[in-house]
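Structure first, then comments.
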Amino acid sequence: MATLKAALASAVVESQGLSHPSAEELAHHVKVPDPSHGDLALPCFLLTKALNPPAPPPVIAERIAQKLAADERFVDVHAAGPYVNIRISASLLANTVLSDARTPGYGGGQEGAGKTVVIDFSSPNIAKPLAFHHIRSTVIGHAIARIHRARGWTVQGINYLGDWGKQFGLLATGFERHGNPKRITDAKHLVEVYVKASREADVGSLQRSITAPTEVRALATQLTEARTNLGSLPKEQKKRTEKLIRSLEKKLREYLATKDSDPLQNFNVQLEKLTQEAKEAKEALEQAKAYDTQARAFLKRMEDSDEEALGIWKRYRDSSIDEFKRVYHRMGVEFDAIEGESFYSKVLEQTIAQVRQQPGTKIDNGAEVVDMVVPKGQPPVLLKTSDGTTLYLTRDIAAAIDRYKRFKFERALYVVAADQSLNFSQLFSTLKAMGFTWAENMHHVPFGRVHGMSTRRGNIVFLDEVLEEAVQKAEQVCEQSDKIAKEHLKDVVEAIGVGSIIFGDLKNLRTSDYTFSYEEVLDFRGHTAPYVQFSHARACSILRKAGGVPSDIQPECLVTPEERAVLKTLAAYPDAVTLACDNFEPSIVTRALIDLAQVTASWLSAGNKDRTKRVLLDEPELQHLRTARLALVDAIRETLAHGLYLIGVQAPTAM
RNA sequence: GCACCCGUAGCUUAGCUGGAUAGAGCGCCGGACUACGAAUCCGGAGGUCGGAGGUUCGAAUCCUUCCGGGUGCGCCA
């Protein structure tokens, strides 16, 4: 569509002899209106001042319309108030689209040629499982990688494992207590051990439990007071107090883990419970502190290159990676490199020294902090704990510097959940303060949370189990299909099941939270993978029946409203890919696919009622229509397959 | 308390960086199969775009403020 918009814009600029909005600028303002108005529309408001003498928009529109009427590329040119509406001639539209869209790789481009983008995505923590919440970083990052590659970029997709840090200490020391040495390579077992160990060493939440009764009592007193005062307050203060009451009630509900609208309802019973919990927490606290210290000590040993500790670490790391690889393979996700924080353990001292050269570092309570210019309200950056071990951020600084050295990237993206925004803001501002101007090209690509996923097994939902469940549900439906050859059933079911999970994620705007439901993502109607996959399979089926597309195509005979709708949607596809690339937003591609699947289904179904609208026409005198329509089906097939590939979803040829 | 993100139909959500009557999907109501694949299609009902101001010829979109929700806030990652 970009090329068609450009054609219109340059025609306008030439015909009016304009000098200052360039054709390129003007093309940016060309709209795709409601089909009843035409194919393209140009609002003339912004041209009022471009003309000498200036004229009101409707007059300009009229003038442009008169000039353009002679251009045979555009038909039905007319001014409608301040707009010029045009229809693209059948031959221009169909010729452009059919030749482009049937070329493999349609939607690709070259604006990224010679540039490198580094994409950090998936990046799970070793020692923890690949859980459902990893889905977002994994599929979004993978799609962004493929989209960039399609636009000509050189892509370095890095799975940057969280393979260094305290969590390893927790796992190693926890294994001594709870582990079964025979199952040391069993990833699921390691997860159980880790979950148990991290709970036992969770000093923070024990301390919260201990202080909870006191806090709760204070909150309750405040609440009761606020409530009694409420009646006697003047209007102004009343609102404030009401707000306070609501927030107090909310806090209390959290503490008491209750859903009662009045948290004070069973207050004494609840308080009793909390008091009991506090007592238990007090007893567990010393032990937890000891476990926590052990875990930290283990990390210290790792950082001091203790061979035994490193040996244990490596064993856990290897078995985790094996498990991850299995799931990635199932999802069709590839990386250019699997690296990890551990890669930088050797250069951390050097990195810290490098940071220290800049003004603003200091030791605070035994911890090394950077107190450079950070935006107001933000805490200083911590480089080292008071035990002398490094932090996640320290390792990220080292990794960023190394990545720039290696790749000289034009863009570096971190596809990481939105709740880590602060860390990235700290990372980037530290790098900038160190004088690295390339840090301007680093972006945190945040994403929202997934709701509605029921939790099992201690709050962890395994990604693999979600995939498996989706595949099983897909199988129940597919078994009834007579279109799938027995030997392909398993592959098709896998493509639909896994695809529906990926698609269900990528149809949502990256930054918004979404609610997951199997029913929704696997619905064969609506905005789902199966729906788009079905459209693709149907196109393949027609092409199979036709035995391919003859070569004597006359694109200009594609003139029905349905065909034009399909052509325009096809024309919009490359724009979607470009936009998705520049905004790091795969959902734009996903939605373009939904649109295409929809107009396709609509077109093909029109043939059910009106036989003359069918593709596979038998009449000898209609063979030119048959051929042109087959070419259109082929363009649809090619585009759907390409788009599905970009978002990492398979496209079966029959289902 | 401070910072960032988000409020669009009953539900899930688009809205192309300010343009024509705010588009979909699910659900609901009503239609279309001797099928180029009905796993589909066509039609209908359903919206004061959280509220109030402001900028503009023009605001769901930009600014201010209020209401409501989420997340983060020095030794976890």
Side-chain angles (χ1 to χ4, degrees), chain A residues 1 28-29 31-34 36-37 41 43 45-46 48 56-57 80-83 85 123 125 128 162 164-167 170 198 204 239 243 246 296 341 364-369 371 375-387 389 391-393 395-396 417-423 425 446 448-449 477-478 480-483 507-509 511-515 517 519-520 523-528 530-531 533-535 537-538 541-542 545-546 572 575-576 579 583 587-588 591 594-595 598 601-609 611 613-617 626 629-630 633 654-655:
Chain A
M1 204 50 102
H28 197 245
H29 290 93
K31 302 287 167 187
V32 178
D34 185 286
S36 61
H37 291 107
F45 306 97
L46 62 153
T48 46
Y83 294 88
N85 292 326
S123 306
N125 277 321
K128 296 182 191 171
W164 202 254
K166 200 180 93 178
Q167 77 269 26
L170 280 171
S198 64
K239 262 197 167 170
K243 194 179 169 185
R246 273 199 302 275
R296 287 165 182 283
E341 295 177 44
D364 188 12
N365 279 335
E368 175 107 26
V369 305
D371 212 354
K376 59 167 178 158
Q378 283 192 13
V381 175
L382 247 84
L383 295 177
K384 249 187 176 183
T385 70
S386 42
D387 319 323
T389 55
L391 289 157
Y392 165 77
L393 188 67
R395 305 190 278 272
D396 267 359
D419 55 18
Q420 289 199 42
S421 295
L422 177 61
N423 300 284
S425 134
R449 304 159 74 85
V477 181
C478 288
Q480 291 153 27
S481 168
D482 55 352
K483 300 290 195 300
K507 79 168 182 206
N508 299 290
L509 270 187
T511 46
S512 59
D513 297 355
Y514 75 94
T515 307
S517 114
E519 290 68 38
E520 208 182 308
D523 197 329
F524 279 63
R525 306 159 299 172
H527 292 169
T528 64
Y531 178 80
Q533 286 169 322
F534 170 74
S535 227
R538 196 174 172 185
S541 166
I542 293 175
K545 288 207 168 108
D575 306 340
L579 205 60
N583 292 290
S587 71
I588 296 172
R591 289 179 188 279
I594 293 168
D595 288 346
Q598 255 163 5
S602 193
W603 172 46
L604 294 177
S605 299
N608 286 344
K609 267 195 172 170
R611 299 196 69 87
K613 290 188 171 177
R614 295 198 173 199
V615 176
L616 300 180
L617 298 160
R626 178 186 159 114
R629 286 174 182 173
L630 276 172
V633 172
M655 60 188 271

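Letters go in sequence order (proteins before strands), and every chain restarts at 1. Remember, it's a predicted structure, so these values are computed and weren't measured experimentally.
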Problem - C1' gap between B/rC62 and B/rU56, integer Å - result: 10 Å

Exercise for the section: Could you tell me the separation between the CG atom of A/D34 and the P atom of B/rA20, rounded to a whole number of Å? Expected result: 10 Å

Handout entry: Any donor-acceptor N/O pair under 3.5 Å between B/rA77 base and A/N423 side chain
Key = yes

Completion exercise
Atom OH of A/Y514 and atom P of B/rU8 are separated, to the nearest Å, by 19 Å

Problem - Stepwise side-chain contact (heavy atoms from CB on, under 4.5 Å) test for A/Y531 and A/Q598 - result: CA-CA 9 Å; A/Y531 178 80; A/Q598 255 163 5; 3.3 Å; yes

Handout entry: Side-chain donor/acceptor of A/D513 to backbone N/O of A/G448, under 3.5 Å
Key = no

Fill in the blank from the handout: A/L579 atom CG is separated from B/rC16 atom P, nearest whole Å, by 9 Å

Practice task
In whole angstrom, give the distance that lies between atom CG of A/L422 and atom P of B/rC75.
Solution key: 12 Å

Exercise for the section: Drop me the distance from A/L616's CG to A/L630's CG, to the nearest 0.5 angstrom. Expected result: 6.0 Å

Handout entry: Proximity to the side chain of A/L382 - top-ranked nucleotide from B/rA20, B/rA38, B/rG74
Key = B/rG74

Problem - side-chain N/O A/S602 vs B/rC42 OP1/OP2, d < 4.0 Å - result: yes

Completion exercise
Partner of B/rG1 under the Watson-Crick or G-U wobble criteria, both distances under 3.5 Å, comes out as B/rC73

Exercise for the section: Determine the interatomic distance between P on B/rG31 and the same-named atom on B/rG19; round to the nearest Å. Expected result: 41 Å

Exercise for the section: Using heavy atoms to find the nearest nucleotide of RNA chain B for A/K609 and A/K483 separately, return the residue whose nucleotide is more 5′. Expected result: A/K609

Handout entry: A/R614 side chain vs A/G607 backbone, donor-acceptor pair below 3.5 Å
Key = yes

Exercise for the section: Under 4.0 Å between any heavy atoms, over every strand shown, what does A/A576 touch: base, sugar-phosphate, or nothing? Just pick one. Expected result: nothing

Practice task
Would you indicate what A/E341 reaches in the nucleic acid, counting non-hydrogen atoms under 4.0 angstrom: base, sugar-phosphate, or nothing?
Solution key: sugar-phosphate

Practice task
Would you check if A/F534 stacks with the base of B/rG37, given a 5.5 Å centroid limit and a 30° plane limit, both strict?
Solution key: no

Completion exercise
dist A/M655:CE -> A/S535:OG (nearest 0.5 Å) comes out at 10.0 Å

Practice task
Indicate, with a heavy-atom threshold strictly under 4.0 Å, whether A/V477 touches base, sugar-phosphate, or nothing.
Solution key: base

Practice task
Would you classify A/H37 as touching base, sugar-phosphate or nothing, given that sugar-phosphate means primed atoms plus P, OP1 and OP2, and contacts are heavy atoms under 4.0 Å?
Solution key: base

Completion exercise
Quick note, A/P33 side chain, CB onward, closest among B/rA20, B/rU12, B/rG74 is B/rA20

Exercise for the section: Determine the Euclidean distance between corresponding P atoms of B/rU21 and B/rC4; express it in Å to zero decimal places. Expected result: 35 Å

Problem - Between A/Y514 and A/E520, a side-chain donor and acceptor under 3.5 Å - result: no

Practice task
Send over the distance from A/Q598 CD to B/rG25 C1', rounded to a whole Å.
Solution key: 8 Å

Fill in the blank from the handout: Testing B/rG72, B/rG37, B/rG74 for proximity to the side chain of A/D419, the answer is B/rG72

Practice task
For the side chain of A/A654, starting at C-beta, report the closest nucleotide among B/rG37, B/rC57, B/rU17.
Solution key: B/rG37

Exercise for the section: Take atom CZ of A/R449 and atom P of B/rG70, then tell me their distance rounded to the nearest Å. Expected result: 10 Å

Exercise for the section: Looking only at side-chain atoms of A/N85, point me to the closest of B/rG74, B/rU13, B/rA20. Expected result: B/rA20

Exercise for the section: Counting heavy atoms from C-beta on, name the nucleotide in B/rA39, B/rA77, B/rU40 closest to the side chain of A/R395. Expected result: B/rA77

Exercise for the section: Report yes if at least one side-chain N or O of A/S605 is closer than 4.0 Å to OP1 or OP2 of B/rU40; otherwise report no. Expected result: no

Handout entry: P gap between B/rG15 and B/rA9, integer Å
Key = 15 Å

Completion exercise
Closest of B/rC26, B/rC76, B/rU12 to the A/K166 side chain is B/rC76

Practice task
Identify which nucleotide among B/rA77, B/rC16, B/rC26 has an atom closest to any side-chain atom of A/K31, counting heavy atoms from C-beta outward.
Solution key: B/rC16

Fill in the blank from the handout: pair_partner(B/rU65), Watson-Crick or wobble, both distances < 3.5 Å, evaluates to B/rG51

Exercise for the section: Please state whether the phosphate of B/rC36, meaning OP1 or OP2, lies under 4.0 angstrom from any side-chain nitrogen or oxygen of A/R614. Expected result: yes

Practice task
Look at the side chain of A/R591 and the backbone N and O of A/K507, then say whether any donor-acceptor pair between them is shorter than 3.5 Å.
Solution key: yes

Handout entry: P atoms of B/rU71 and B/rG30, separation to the nearest Å
Key = 42 Å

Problem - Side-chain N,O (A/S425) to OP1/OP2 (B/rC73) below 4.0 Å - result: no

Handout entry: Rounded distance (Å) that lies between atom P of B/rG25 and atom CD of A/E520
Key = 13 Å

Handout entry: Partner nucleotide of B/rG23 by Watson-Crick or wobble geometry (both distances under 3.5 Å)
Key = B/rU13

Problem - Presence of A/R591 side-chain N/O under 4.0 Å of B/rC16 phosphate oxygens OP1/OP2 - result: no

Exercise for the section: Ignoring backbone atoms, test whether A/K507 places a side-chain nitrogen or oxygen under 4.0 Å from the OP1 or OP2 oxygen of B/rA14. Expected result: no

Problem - Residue matched to B/rA59 through Watson-Crick or wobble contacts both under 3.5 angstrom - result: none

Problem - Among B/rA20, B/rU40, B/rC36, the nucleotide that comes nearest once only the side chain of A/I542 is considered - result: B/rC36

Exercise for the section: Keeping the roles fixed (side chain from A/S421, backbone from A/A418), state whether a donor-acceptor pair exists under 3.5 Å. Expected result: yes

Problem - Atom-pair distance (NZ on A/K613; P on B/rA35), nearest Å - result: 18 Å

Exercise for the section: Taking atom P in both B/rA14 and B/rG25, compute the distance separating them and give it to the nearest angstrom. Expected result: 15 Å

Handout entry: Side-chain N,O (A/R525) to OP1/OP2 (B/rG27) below 4.0 Å
Key = yes

Handout entry: In B/rU55, glycosidic geometry as syn within 90° of 0 or anti otherwise
Key = anti

Handout entry: A/A601 backbone acceptor or donor facing A/S605 side chain under 3.5 Å
Key = yes

Problem - Phosphate-side-chain proximity, A/Y531 and B/rC41, N/O vs OP1/OP2 below 4.0 Å - result: yes

Completion exercise
Per the O4'-C1'-N9-C4 / O4'-C1'-N1-C2 angle with a 90° window around 0, B/rG74 comes out syn

Problem - Closest to side chain of A/S481, choosing from B/rA35, B/rA39, B/rC75 - result: B/rA39

Practice task
Please check if the side chain of A/D387 supplies one atom and the backbone of A/T389 the other of a donor-acceptor pair under 3.5 Å.
Solution key: no

Exercise for the section: Test for a donor-acceptor pair under 3.5 Å between the base of B/rG72 and the side chain of A/S421, counting only N and O atoms. Expected result: no

Practice task
Between B/rU12 and B/rC28, how far apart are the C1' atoms? Round to whole Å, please.
Solution key: 16 Å

Exercise for the section: May I ask you to verify if any side-chain N or O of A/N608 is less than 4.0 angstrom from the OP1 or OP2 atom of B/rC36? Expected result: yes

Problem - Distance, P atom - from B/rA59 to B/rA20, rounded to whole angstrom - result: 11 Å

Exercise for the section: Tell me whether A/Y83 is stacked on the nucleobase of B/rA20, counting only the six-membered base ring and applying the 5.5 Å and 30° thresholds. Expected result: yes

Practice task
Would you kindly compare A/Q167 and A/D595 by the position of their nearest RNA chain B nucleotide and give the one closer to the 5′ end?
Solution key: A/D595

